[in-house]
Number of protein chains: 2
Amino acid sequence: MDASTAVAADMPEPIDLRIDSDSLARHVESLGAIGAQASGGILRPVYSLAWRDATAQVAEWMSNAGLDVYRDAVGNVFGRLAGSSDVTILTGSHIDTVPGGGRYDGALGILAGIEALRVLRECGRPKQSIEVVALCEEEHSRYDTGFWGSRAILGLIDPQEPDNLRDQQGVPIGEAMSQLTLDPAQIASAHRRDLTAFIELHVEQGPTLEAEHKQIGLVQSIVSLSMLRIVVLGRADHAGTTPMNERSDAGYAAACIAREVVDLTTRLGAPAVATVGAWRVSPGASNIVPSHVELLVDVRHPDEAAKRQLVAAIGEAAHGIAKRTSVSAVVSTRADIPPARLDPGMVGVIERGIQAGGYSYREITSGAGHDSQLMSRHVPTGMIFVPSASGRSHCSEEFTPNDDCVRGAEVLAHSLYELAYE
Amino acid sequence: MDASTAVAADMPEPIDLRIDSDSLARHVESLGAIGAQASGGILRPVYSLAWRDATAQVAEWMSNAGLDVYRDAVGNVFGRLAGSSDVTILTGSHIDTVPGGGRYDGALGILAGIEALRVLRECGRPKQSIEVVALCEEEHSRYDTGFWGSRAILGLIDPQEPDNLRDQQGVPIGEAMSQLTLDPAQIASAHRRDLTAFIELHVEQGPTLEAEHKQIGLVQSIVSLSMLRIVVLGRADHAGTTPMNERSDAGYAAACIAREVVDLTTRLGAPAVATVGAWRVSPGASNIVPSHVELLVDVRHPDEAAKRQLVAAIGEAAHGIAKRTSVSAVVSTRADIPPARLDPGMVGVIERGIQAGGYSYREITSGAGHDSQLMSRHVPTGMIFVPSASGRSHCSEEFTPNDDCVRGAEVLAHSLYELAYE
């Protein structure tokens, strides 16, 4: 059976949930200008000035859409459409970006949520309340924490974290919050106990939907992810006077390790991926043998056991290379996120939303991590994907045609309607 | 014949040129505190505040030693002992440091020069003037220019350089000068036409003198050096959603290149050395495939032809790896400094200075670049080396016992005496 043409027997009466496509396109463009860099791409790390401006802008649009707007202790911004019961359906995504990131990653899920709630508001008061959220942090672009925003909502932030979590300049995340008048002592108040569902719309960030000419991706599961930190310690020496065989060159060892990470992951074959994206080489002068290198290694696999095997192989390779090259290497795990299987009930709701619009779709596994990954462990969660041009993401070329964005927002509106009105 | 016990037939009458060892030790310690970093080592790049403080301190010590002090247009600081003719013998070294550098590299040549001139001043007015100089820049730690100070003295700075030469923050070197009240329009006025000799005292920065228990190194020549810039261009992609075989990973390619630079230089064997000390990996986030990497590669060999062969082999390797890994690589030469053979007359003067003190010594090739390398092409130039503990340099562990420093300063004083008084 071709899923894209299937018609479910229990499909609800057709309702008119037409999305304002101009508004969505304008908002994508305007939000993409906040934090835009001369060199291309967007830089909007959590608690930066660009981040502050972006959250203020989103709050204004929520208000213009007729929603009640409020901000929680960590700076998540909510737009609420109050219902007649005391439970809440939540949609949204993150507002922070990676350095040089694109306009759609995270942003589209917020902006589509605002448009969906704008049209739902015209359907009258829902049974359950609906909220759209701009989650403050997901990309760990400034702090080595993922999911700061959704962790606050789920009550998963440790009381020591505001002091202990520091950025590269040594600024604790609590101090960064205080600078924007957010009180780290109030973080516990962000914990929500009224959520009955979470739906996140997101760009695919991969090539599958575009390649297969599918308009919507129905996410079944999210990949398992580990982030490793490999610190290589050698000895600083003069580049001109120290013979090659007397060096303890941390740069050389790190190069061998980075190469081996890619080579062994490539040998393992798809769907395993590993990336050495962040390098810090010290002291970093051309005429000094490097003494200290820090690498961050991102490892993903849909299968948890396969990911663990790959992580172990990378650790073994790093230690073997360190021994051979007369340096020391310390491998630690900075993040370890198991795969998420999304809630079958929510997948069904979204599938009916897709069918209501008559769109082509396919079931898909997300290779990227998302707030939904964490949310799904605590709240029934579903995800809607829209296509990414050429599969490009985390770069300025990230693009999704507005028609695809509108289709995704409409599926979201239908899904929220079923959850909150029926 | 054992050079260390040889006695030259034409050795001059013994004169008392005893160096103030306490003053030299105190100055090494005090100057080493300017720009000292909490993480260890010294950071004193040209035209920084630490650099400004260091030059002011050295000027004060020159003045206290009874010398006439002045500063030229680029900020070289001179202490002058005026003679009866209009030509000048120059000694000194550089005051800037590499990041995390030591107390002796550059600094010792200035401080030993001040002590040598202090004692020479008591011998009366010389026939030729003698000056000690704190050269403003040699390490290209802030700007990709070597020898900025000695190039000014030799009239080798291009009029466009003050505008065109920029640091990593984009600040032109002319603007950095202006911030410290140095006028870039006056650079040509720093050109000296009165120099008849240059002598530089420096730490060896290698292990030979210590290992062979020699007190002084009589430098015969300085190694040939090339600095290459390798820019690798790939494509930024999402670390989770881009299959390994669809990536254009500039980080992977750069790691392969850096590894090959070291491997092929090691295979070539001593005395060839090559170092990949500076890495810039962009965008530099753990969850983005690197799109852009810049490597600086320092290549040295005493033999010019052998260095050129190694440079060519590195370029070929980089292009081969780029092709194999689906990225592009651009290799350019940032600096190309031929080997320097020092003036035989000056080597003779220094050798007699060593013999006057009765010190053990050996002839030596410098593996490090020095201002003397450039000066020697225009002015008769000699170099005196003192031992480096364990050969360590360009690091906080850099050390030379004060007795060795004093012996070097005494050899310098004897050499200057022969040149200026006899």
Side-chain angles (χ1 to χ4, degrees), chain A residues 41 98-100 139-141 204-207 223 225 227 235-246 249 251-252 254-256 258-259 262 265-266 270-279 281-291 296-298 300 367-369 391-395, chain B residues 41 98-100 139-141 204-207 223 225 227 235-246 249 251-252 254-256 258-259 262 265-266 270-279 281-291 296-298 300 367-369 391-395:
Chain A
V98 294
E139 295 284 12
H140 51 78
S141 64
E204 181 197 349
Q205 307 180 279
V223 75
L225 182 158
M227 173 144 40
R235 195 182 61 227
D237 277 308
H238 191 291
T241 57
T242 315
M244 300 305 283
N245 59 8
E246 292 184 19
D249 183 343
Y252 174 67
C256 293
R259 179 185 160 152
V262 171
T265 307
T266 304
V273 287
T275 306
V276 188
W279 296 62
V281 178
S282 302
S286 63
N287 49 8
I288 311 179
V289 177
S291 57
L296 293 182
V297 185
D298 178 303
R300 308 191 196 201
R392 305 292 308 280
S393 186
H394 283 190
C395 58
Chain B
V98 293
E139 296 284 11
H140 50 77
S141 64
E204 181 197 347
Q205 306 181 280
V223 76
L225 183 158
M227 174 146 38
R235 195 181 63 226
D237 277 309
H238 192 290
T241 57
T242 316
M244 299 305 283
N245 59 6
E246 291 182 22
D249 183 344
Y252 174 67
C256 294
R259 178 184 161 153
V262 171
T265 307
T266 303
V273 286
T275 306
V276 188
W279 296 63
V281 178
S282 302
S286 63
N287 48 7
I288 311 178
V289 178
S291 58
L296 293 182
V297 185
D298 179 302
R300 309 193 195 198
R392 305 292 307 281
S393 187
H394 283 191
C395 59

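These numbers come from the heavy atoms of this one structure, side chains and all, not from hydrogens, waters or symmetry mates. Chain letters run A, B, ... following the sequence lines, proteins first, then strands; residues in each count from 1.
Annotation: maximal heavy-atom pairing with chain B below 4.5 Å, among A/S291, A/C256, A/P243, A/A270, occurs at A/C256. Counting heavy-atom pairs under 4.5 Å between each of A/V262, A/V297, A/L296 and chain B puts A/V262 at the top. The candidate from B/A236, B/G206, B/S282, B/S141 with the greatest count of non-hydrogen atom pairs under 4.5 Å with chain A is B/A236. The residue among A/P283, A/A274, A/G251 with the most heavy atom pairs within less than 4.5 Å of chain B is A/A274. In terms of non-hydrogen atom pairs under 4.5 Å with chain A, the most contact-rich of B/H140, B/E204, B/H238 is B/H238. If you tally non-hydrogen atom pairs under 4.5 Å between each of A/T242, A/L225, A/N245, A/I288 and chain B, the highest count goes to A/I288.
With sequence neighbours excluded, the residues that form a side-chain hydrogen bond (donor to acceptor under 3.5 Å, both in side chains) with B/S393 are B/Q205, B/E398. The side-chain hydrogen bond (donor to acceptor under 3.5 Å, both in side chains) test applied to A/D237 returns A/R235, B/R392, not counting sequence neighbours.
Minimum interatomic distance between A/A258 and B/A255 (heavy atoms only, all atoms of both residues): CB-CB, 4.0 Å. Of all the heavy atoms in A/T275 and B/P290, the pair that sits closest is CG2-CD, 4.5 Å. The nearest pair of heavy atoms linking A/A278 to B/S286 is CB-N, 4.1 Å. Here the closest non-hydrogen pair linking B/A272 and A/M244 is O-CG, 3.7 Å.
For a residue to count as touching a neighbouring chain, one of its non-hydrogen atoms must lie under 4.5 Å from one of that chain's; by this rule A/E139 touches chain B with backbone and side chain alike. If you measure heavy-atom distances from B/A254 to chain A, you find no contacts under 4.5 Å at all. With a 4.5 Å cut-off on non-hydrogen atoms, A/P207 touches chain B through its side chain but not through its backbone. Heavy-atom distances place both the backbone and the side chain of B/V273 under 4.5 Å from chain A. Contacts between A/A285 and chain B at a heavy-atom distance below 4.5 Å involve backbone atoms as well as side-chain atoms.
Judged by distance alone, with hydrogens and angles left aside, the side-chain atoms of B/H394 form no donor-acceptor pair with the main-chain N or O of A/A239 at under 3.5 Å.
At a threshold of 4.5 Å between non-hydrogen side-chain atoms, the residues B/R300 and A/N287 count as touching.
Interatomic distance, OG1 of B/T266 versus OH of A/Y252, reported as 6.5 Å (0.5 Å rounding).
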